[in-house]
Amino acid sequence: MLGPSRVNARFGFVTVGYASHMPQLKVTLRDVAAHAGVHPATASRALSEATRHQVNVETARRVVAAAHELGYEPDLTARTLRTGRTATAAVLIPDLTNPLFPPIVRGIEDTLAERDFTALIANTDNDTERERKVLRAMRARNVDGFILLTAHRNDETLAALVRDQIPVVTVNRTASGPDISSVSADDNAGISAIVDHLVGLGHSRIAAIVGPRTLSTGRARYKSITAGLRRHGLTLPPERTAFAKAFSEEEGRRCMSELLAGTDATAVVAANDTLAVGCLDALRDHGLTCPKDMSVTGFNDILFMDKLTPPLTTVRIPHTQMGVESARILLDQMLGRSDATTHAVLPIQLIVRESTAAPKH
């Protein structure tokens with residue numbers, strides 16, 4: 001028995017049989033244009049964020065509504081051939097398990113999506129060779145630009161992107177060279193606020209666990225600690241300084257144990273929150289408590305820092321906004337709206353919790 005008949009409105013004939021088993025015809029740009037009563041070129045401009053401003057507002061609204069009504073999906077291959085762009089941006093992250101990065105990536109993805117761009121996300125595990133391979137793979141896919149949360153101070157791969165005039169923005173790290181746009185939090189203001197807070201509590205013997213000096217965040221925060229102490233007439237001698245090989249809990253634990261073996265410090269400034277968590281682990285290993293025996297501070301205010309025992313005093317950075325700003329800068333470059341180098345430095349906030357208190361002696 002034959003199934004119900006159906007009129008094919010696009011081609012004007014009747015099909016007979018089981019309609020649910022018939023192949024669905026792909027809706028084209030011409031279909032959308034015809035439905036909206038405009039030329040296909042007008043429909044194309046109206047459906048692109050980059051060119052929508054060239055179309056009358058009411059016409060653009062009608063075209064977009066027609067596309068939604070018909071279930072139109074753009075032909076990305078055709079668009080790439082037509083515009084020379086893939087509408088994709090590569091986002092490289094050093095450690096996908098680090099809670100610092102997801103809200104930054106969310107800001108990037110949401111902002112790119114507003115302009116019909118897609119983020120291709122890759123994790124490098126802080127491995128330089130893996131990063132090079134990922135960069136090569138992304139370039140082979142003809143991504144339109146890069147957002148790097150992985151930059152080192154002297155980064156040859158990053159320099160190659162700039163030489164080849166590929167749009168690139170670094171986030172939370174900066175690289176040597178004036179031609180690379182960046183978005184970061186105000187590290188100097190954050191570290192200065194921490195030092196002022198500890199000195200205000202009465203600490204004069206303050207130690208530091210510094211991040212890797214091959215990274216801009218490690219170097220910048222180390223310089224800010226020494227400068228902040230100097231403002232108060234204090235110093236950071238070698239016996240109160242430990243250099244972490246990575247921004248990790250394990251390195252924080254190792255460095256804190258190293259400091260406890262040879263320092264009289266009453267407080268420690270950790271260069272980020274994961275290092276600070278390692279500090280708390282090391283204090284427990286040695287039968288000490290925070291803040292009674294040692295005040296501890298972090299930086300970034302990543303997820304759950306208020307749930308630690310004790311809750312961590314730290315610096316809050318605008319994670320999501322950093323992602324938003326980096327995507328905006330990259331979009332301006334990719335769409336040819338700006339070729340200026342931008343260095344956005346976003347404000348911070350000191351969050352005082354229970355991991356800091358006056359020294360006991």
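Computed over heavy atoms, backbone and side chain alike; hydrogens, waters and symmetry mates excluded.
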Can you tell me if Asn56 uses its side chain to pair, donor with acceptor, with the backbone of Thr59 under 3.5 Å?
yes

Are Val199 and Met294 linked, directly or through intermediate hydrophobic residues, by side-chain heavy-atom contacts shorter than 4.5 Å (ILVMFWY only)?
yes

Looking at Glu129, I'd like to know if its CD atom is crowded, meaning that more than 12 non-hydrogen atoms belonging to other residues, nucleotides or ligands lie closer than 6.0 Å.
yes

Quick check: closest heavy atoms across Glu109 and Ala119, and the distance to 0.1 Å?
CG-CB, 3.9 Å

With a 4.5 Å cut-off on side-chain heavy atoms, are Arg253 and Leu275 touching?
no

Can you find a side-chain donor-acceptor pair between Ser184 and Asn172 that sits under 3.5 Å?
no

From Asp196 atom CG to Leu350 atom CG, the distance as rounded to the nearest 0.5 Å:
9.0 Å

For Asp31 and Thr28, run side chain to side chain donor-acceptor pair (under 3.5 Å): C-alpha distance rounded to whole Å, both residues' side-chain angles, the deciding distance at 0.1 Å, then the answer.
CA-CA 5 Å; Asp31 296 330; Thr28 69; 3.3 Å; yes

Looking only at non-hydrogen atoms, find the nearest pair between Gly211 and Ala271 and report the distance.
N-CB, 3.6 Å

Not counting sequence neighbours, which residues clear salt bridge (Lys or Arg N to Asp or Glu O under 4.0 Å) with Glu251? List them please.
Arg254

Taking Ser326 for the side chain and Gly323 for the main chain, is one N or O donor matched with an acceptor at less than 3.5 Å?
yes

Taking side chain as C-beta onward, heavy atoms only, is Thr235 less than 4.5 Å from Leu229?
no

If you group Ile, Leu, Val, Met, Phe, Trp and Tyr by side-chain heavy-atom gaps below 4.5 Å, do Val169 and Val345 land in one group?
no

Evaluate the side-chain proximity of Val27 to Val32: yes if any heavy-atom separation is below 4.5 Å, no if none is.
yes

Start with the C-alpha distance between Val38 and Val63, add both sets of side-chain angles, then the distance that settles side-chain contact (heavy atoms from CB on, under 4.5 Å), and finish with yes or no.
CA-CA 8 Å; Val38 300; Val63 171; 3.9 Å; yes

With heavy-atom distances below 4.5 Å as the criterion, would you say the side chains of Ile206 and Val268 are in contact?
no

Between Thr356 and Ser295, does any side-chain donor sit less than 3.5 Å from a side-chain acceptor?
no

Could you pull out the closest heavy-atom pair between Lys360 and Lys292, with the gap in Å?
CD-O, 3.5 Å

Return the minimal non-hydrogen interatomic distance between Ala185 and Ile317, and the atom names on each side.
CB-CG2, 3.5 Å

Going through the checks in order, is the salt bridge (Lys or Arg N to Asp or Glu O under 4.0 Å) test met by Asp110 and Arg106?
CA-CA 6 Å; Asp110 288 351; Arg106 179 61 183 269; 3.0 Å; yes

Testing Gln349, His319, Arg353 for side chain to side chain donor-acceptor pair (under 3.5 Å) with Asp301, which one passes?
Arg353

Could you tell me if the side chain of Leu215 sits less than 4.5 Å from the side chain of Phe247, heavy atoms only?
yes

Do any N or O atoms from the side chain of Arg52 and from the backbone of Ala46 form a donor-acceptor pair under 3.5 angstrom?
yes

Could you check Asn142 against Thr86 for side chain to side chain donor-acceptor pair (under 3.5 Å), going step by step and ending with a plain yes or no?
CA-CA 7 Å; Asn142 293 318; Thr86 60; over 6 Å; no

Donor-acceptor check, side chain of Arg173 to backbone of Thr150, threshold 3.5 angstrom: yes or no?
yes

In sequence, state the C-alpha distance, the side-chain angles, and the governing distance for Val296 and Leu280, and then conclude on side-chain contact (heavy atoms from CB on, under 4.5 Å).
CA-CA 8 Å; Val296 176; Leu280 297 178; 4.2 Å; yes

Could you tell me whether the side chain of Asp332 and the main chain of Arg337 form a donor-acceptor pair under 3.5 Å?
no

Using side-chain contact (heavy atoms from CB on, under 4.5 Å), reason through Leu330 and Phe117 one step at a time and then give a plain yes or no.
CA-CA 11 Å; Leu330 189 70; Phe117 275 73; over 6 Å; no

Quick one: are Leu260 and Leu288 in side-chain contact, heavy atoms under 4.5 Å?
yes

Looking at CD of Glu354 and SG of Cys290, how far apart are the two atoms once the value is rounded to the nearest 0.5 Å?
10.0 Å

Taking C-beta and beyond as the side chain, do Met305 and Pro311 meet within less than 4.5 Å on heavy atoms?
no

With a 4.5 Å heavy-atom cut-off, do Thr297 and Leu312 have their side chains touching?
no

Quiz question: by atom type and distance under 3.5 Å, do the side chains of Ser338 and Gln333 form a donor-acceptor pair?
no

To the nearest 0.5 Å, tell me how far Ser44 OG sits from Gln54 CD.
10.0 Å

How about Ser224 and Asn188: does a side-chain donor come under 3.5 Å of a side-chain acceptor?
yes

Hey, quick one: are Ile351 and Val277 part of the same hydrophobic cluster, counting side-chain heavy atoms closer than 4.5 Å, chains of contacts allowed?
no

Atom pair CD/CG of Glu131 and Asp127 - distance to nearest 0.5 Å
9.0 Å

Do any N or O atoms from the side chain of His39 and from the backbone of Ala41 form a donor-acceptor pair under 3.5 angstrom?
yes

Please report the shortest heavy-atom distance between Ala340 and Ser181, naming the atom on each side.
O-OG, 3.9 Å

Determine, using the 4.5 Å side-chain heavy-atom cutoff (strictly less than), whether Leu259 and Tyr222 are members of one ILVMFWY cluster.
yes

Spatial distance of atom CG (Asn272) from atom OG1 (Thr217) [nearest 0.5 Å]
8.0 Å

Has Asp144 got a side-chain atom pairing as donor or acceptor with Met334's backbone, closer than 3.5 angstrom?
no

When you measure from the side chain of Arg130 to the backbone N and O of Asn123, does any donor-acceptor pair fall under 3.5 Å?
yes

So, Arg205 side chain and Asp264 main chain: donor-acceptor pair closer than 3.5 Å or not?
yes

How close do Ala87 and Asp116 get, heavy atom to heavy atom, and via which atoms?
CB-O, 3.7 Å

Test side-chain contact (heavy atoms from CB on, under 4.5 Å) applied to Ile180 and His343, step by step:
CA-CA 8 Å; Ile180 303 167; His343 298 292; 5.6 Å; no

With a 6.0 Å cut-off (strictly less than), is the heavy-atom count around CZ of Arg136, excluding the residue itself, greater than 12?
yes

Any luck finding a side-chain donor-acceptor pair between Glu249 and Thr274 under 3.5 Å?
no

Output the distance between atom OG1 (Thr226) and atom CZ (Arg231), rounded to the nearest 0.5 Å.
11.0 Å

Using only atom types and a distance under 3.5 Å, with no angle test, would you say the side chain of Asn98 pairs donor to acceptor with the backbone of Leu100?
yes

Is Val162 reachable from Met138 through a run of hydrophobic residues whose side-chain heavy atoms are each under 4.5 Å from the next?
yes

